[in-house]
Structure formats: structure tokens, C-alpha cells
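We're numbering straight along the sequence, starting at 1.
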Amino acid sequence: MAFAQRHYDYVIGGAGLSGLSLCWHIATHPGLADKSVALIQSPEDENHAAGKTWCFWAKDALPDPVSIRYSWQHLEVYAGKTALKVPLSTMGYYCVQGEDYFAKMMHALRQMHQVDVIEAQIGGFGESKSGVKIDAGGRPLTAQYFFKSYGNPDLKRARFRLLQHFKGVEIETDAPVFDPSTARMMDFRVKQLDGATFFYVLPYSETKALVEYTLFSPAKLPEEAYDAAITAYLNRYYNLQQGRYRITRSESGVIPMADSIYRPQAGQRVHLTGTASGIPKASTGYAFSRIHRQAKHIADSLALHGSPRRQPDSSARYRIYDLMLLDILSRDQKLIVPVFEALFANNPIERVLRFIDEQTVFSEDVRVMASVPWLPFLRAGGRNLDMLLRGGIAPRSTSS
């Protein structure tokens, strides 16, 4: 598309989940109605979104751009001897598919007079005292602030570096086998050989579901290992032999899990957002709701202060919880299933979900931490006392 202008108040690089969310929050903020925004969409953004499925839970009304494909009011968890099927009374569990999100967001943003969507590959950017100059497909633009939502996070200071890696397949079966009212959130009834390993199953109907194999470990597996695990799981727990179901779609991905707080800025006027800023929760990889909260915080700060005054996306106490769990995942892997077993067996499901989403009060945190085996966390705390005293932040001299 042709450039409508050369200078913008804000330029957002990347039209993935975080770029689209930030653009929408800025463009719809009543305190920023007079600000101009350019969203630079790369040629890969739409195809990348089409391969994504995001799940999250929410208590409040959902934001307007979120197009829900499926939802569930019951969750299942299998961990050790714990087998739960519990209702959600005050929140829902939702599924958003990337192609829906991209299409609805793009349609809305293209109708907004203060937003220009520019289809280009970013060649680079440079900062001066007065602003940022961005190379958008060989054409220069300038901005007061540049929000970079693409790229990988900086892991130089991380003490623990794991990956959440997964492969999922959408399948259709010949006969009804799924309960479409219940999402299987975590199923640890699989061999724990390559890291903390579980399945989750999202039934779309009695004959259609997304079945995903997920691991928390230092490295990805060969492609055939994911496929073999999915085949074996469907056979064992749904009595589905190959030939009795069809794979209609597949997706895979890798999400970094690390203790370090990533830099929110790459310069005075260049801010990182989304995965590039380390927004996925360190110990679980959950990101969808956190990205929307981050985007809202940035828009609120721009309206209130005229600048994106960034705060850590997680408070010190949650960074400490994540640090200890990452230590256990890295050094005491065999203890992870007992930890999750106790977590879900000894707490109401919605307290667990609020805790994972960092929405609990401290008294609830105490109950959660008292409900799980204390020795692994005590050991993890002792091994990382220096970081605990710094609020979960790795000392700058740490390198690993």
C-alpha cells in the first residue's frame, strides 16, 4: 500500500498478536485520538497467524477484537493419581484461532482514520534524539516511538533456559469420541523422558478436536517423535487407530521459558513488545492474556505520560515463583508431576488459573504454595538465593 505520510507518532513493527493488539489499544484509546499510528505488516504475518491457536481463561468481558471460535465450561486434569473434571463457575476457557484474530483485527484497524497499515518488510531502524527512523521496504518513515513486536527475546542473563515446544493436530473421527463441553487442560499420563511432558485436548465437537503434545525441555524433538507420541496417545486414551481419524490441520511452535527479565527497550524510543520482550510467562509459556494486558498498559501510559513508561510484566513475587519452578524443571524433573498433582488436587481450579495468570492476592499465593511439596521449592530457593534476594532478577554478572 502507498504511504499516507512520512512521520507518525507511533510505528508498530509486525502484525502478529502483540503488534495487532497494541495497535488496537492505541487506536481505540480515548486519550490518544489525535495520534497517528503506522502498523507495518510483513508478508509472512498473515500466514504465520493462520497456524496459531491460542487458549486462555477469562472472568471479565472479553475485549472486542477477540473472536472466540470455541469455549468450554469444564476442565479435565490428569497428574499422578489425580484425575479431575471440574466446572468453571465464574470464568470461561476460550479458544481463539489465529486466522480469525488476524482477519477481524485487520478489518477493524483498516477502518480507523488514524491508522495506516503498511505492507512491507522492515529493513532496519535507527534512533536519534528526536525520534526513530524505520526502513519499511526501502521507504523511510519516522516516528516518535517505535514498537518492535518481532524477533527473539534476549536470553543472555537467563540462568535457566528451557523451551515449551509442541505439535498439535486437528482431527476428525468416524464416530463420536469427544466430550465437547470439556477441555483437557493437562494430561501427564505419558512418559516423562524428554522433559515435563503432557497432552491437552480441545474438543470442537463429538468428532473433531485439537490434540497437542507439549514438552518443557532444553531442546526440540525430531519431527517423527511428536507424531509417534500423538498416534500412541490417540490409540491408548481414545481407542483411535490410524485409519479411524483424519488429520485436517497441524501446528507446531516453540516458546522460550527463562527466568531473566527481558529488556523492555532497545533504545530510548524503541520498545519491545510481545515475545520479543519476554511476555510469555516464564514457567508456563502462557502469553495471550498477558500480551493484551501489556498492550493496554502501554496505551494507558502513552495517554497519561506521553511516553511508554514500562514496568515489569510480572511482579517480584511471581518472578520468584517462576524462578523456583524453572529450577525444578531443569534439575529435578521427576518431581514436576507430583507438584502439578498437588497443585490441582489441593486447590479450587479457578484459584489455580488465577495463580497461573498472576491475578491472585498474596493470601491465595500462600495457600497455593502450602499445597504443593515444599522440599523441591526449598532446594530451588537455596540454589538461587542470590536471585531471590533480587526479586527474581539474575545478577548482571551471571551468564549461562
Side-chain angles (χ1 to χ4, degrees), residues 151-165 195-196 215-219 254-266 271-287 289-291 293-294 297 309-340 342-343 352 354-400:
N152 297 317
D154 181 1
L155 302 178
K156 293 185 181 71
R157 292 176 57 196
R159 180 165 297 179
F160 301 106
R161 303 175 194 175
L162 297 175
L163 302 174
Q164 180 189 143
H165 50 106
L215 302 95
F216 298 162
S217 69
V254 179
I255 300 171
M257 301 169 63
D259 56 89
S260 179
I261 297 179
Y262 310 118
R263 294 176 302 148
Q265 295 176 237
H271 286 251
L272 307 177
T273 68
T275 298
S277 72
I279 191 65
K281 184 167 173 60
S283 61
T284 64
Y286 284 115
S289 297
R290 292 169 63 84
I291 283 173
R293 286 198 294 267
Q294 182 189 70
H297 168 77
R309 297 186 183 180
R310 304 291 292 274
Q311 296 178 349
D313 294 303
S314 295
S315 65
R317 75 179 200 269
Y318 289 113
R319 293 197 301 269
I320 289 171
Y321 304 151
D322 285 343
L323 168 66
M324 292 190 291
L325 190 58
L326 284 171
D327 181 283
I328 297 168
L329 282 166
S330 300
R331 305 188 195 196
D332 287 327
Q333 176 196 319
K334 64 182 180 298
L335 301 177
I336 282 299
V337 173
V339 167
F340 277 99
L343 179 68
V352 175
R354 290 198 308 274
F355 180 76
I356 294 173
D357 204 27
E358 302 187 1
Q359 299 297 302
T360 46
V361 297
F362 184 68
S363 60
E364 291 179 298
D365 297 353
V366 172
R367 294 188 183 96
V368 169
M369 297 306 293
S371 72
V372 298
W374 58 270
L375 187 56
F377 289 92
L378 186 62
R379 288 173 178 164
R383 288 189 292 253
N384 300 279
L385 186 59
D386 58 334
M387 289 182 64
L388 265 62
L389 295 175
R390 293 171 59 90
I393 304 174
R396 291 192 179 276
S397 59
T398 296
S399 62
S400 59

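- Between R379 and M324, every side-chain heavy-atom pair lies at or beyond the 4.5 Å cut-off.
- Taken to the nearest 0.5 Å, the CD1 atom of I336 stands 5.5 Å off from the CD1 atom of I328.
- With respect to D322 and R317, no salt bridge is recorded, no charged nitrogen being found less than 4.0 Å from a carboxylate O.
- Counting heavy atoms from C-beta on, the side chains of S371 and M369 never come closer than 4.5 Å.
- The line from OG of S315 to CD1 of I320 is 9.0 Å long, rounded to the nearest 0.5 Å.
- Between D313 and R290, no side-chain nitrogen of the basic residue sits less than 4.0 Å from a carboxylate oxygen of the acidic one, so the salt-bridge criterion is not met.
- The closest donor-acceptor contact from the side chain of D327 to the backbone of L323 lies at 3.5 Å or more, if one exists at all.
- Between the CD atom of Q164 and the NZ atom of K281 there is a distance of 12.5 Å, given to the nearest 0.5 Å.
- Between I255 atom CD1 and T275 atom OG1 the span is 7.0 Å, to the nearest 0.5 Å.
- When only modelled atom types and interatomic distance are considered, R161 and S330 share no side-chain donor-acceptor pair under 3.5 Å.
- A salt bridge is absent between D365 and R354: the closest approach of a Lys/Arg side-chain nitrogen to an acidic carboxylate oxygen does not fall below 4.0 angstrom.
- Taking CG of L343 as the reference point, atom CD1 of I356 lies at 6.0 Å (rounded to 0.5 Å).
- Of the possible donor and acceptor atoms, none in the side chain of H271 sits under 3.5 Å from a partner among the backbone N and O of S277.
- Y321 and S314 share no donor-acceptor pair across their side chains, judged by distance under 3.5 Å alone.
- Taken from CG in L155 to CG in D259, the straight-line distance is 9.5 Å, to the nearest 0.5 Å.
- Side chain of Q359 to main chain of D357: a donor-acceptor pair is present (N/O by atom type, distance under 3.5 Å, no hydrogens or angles).
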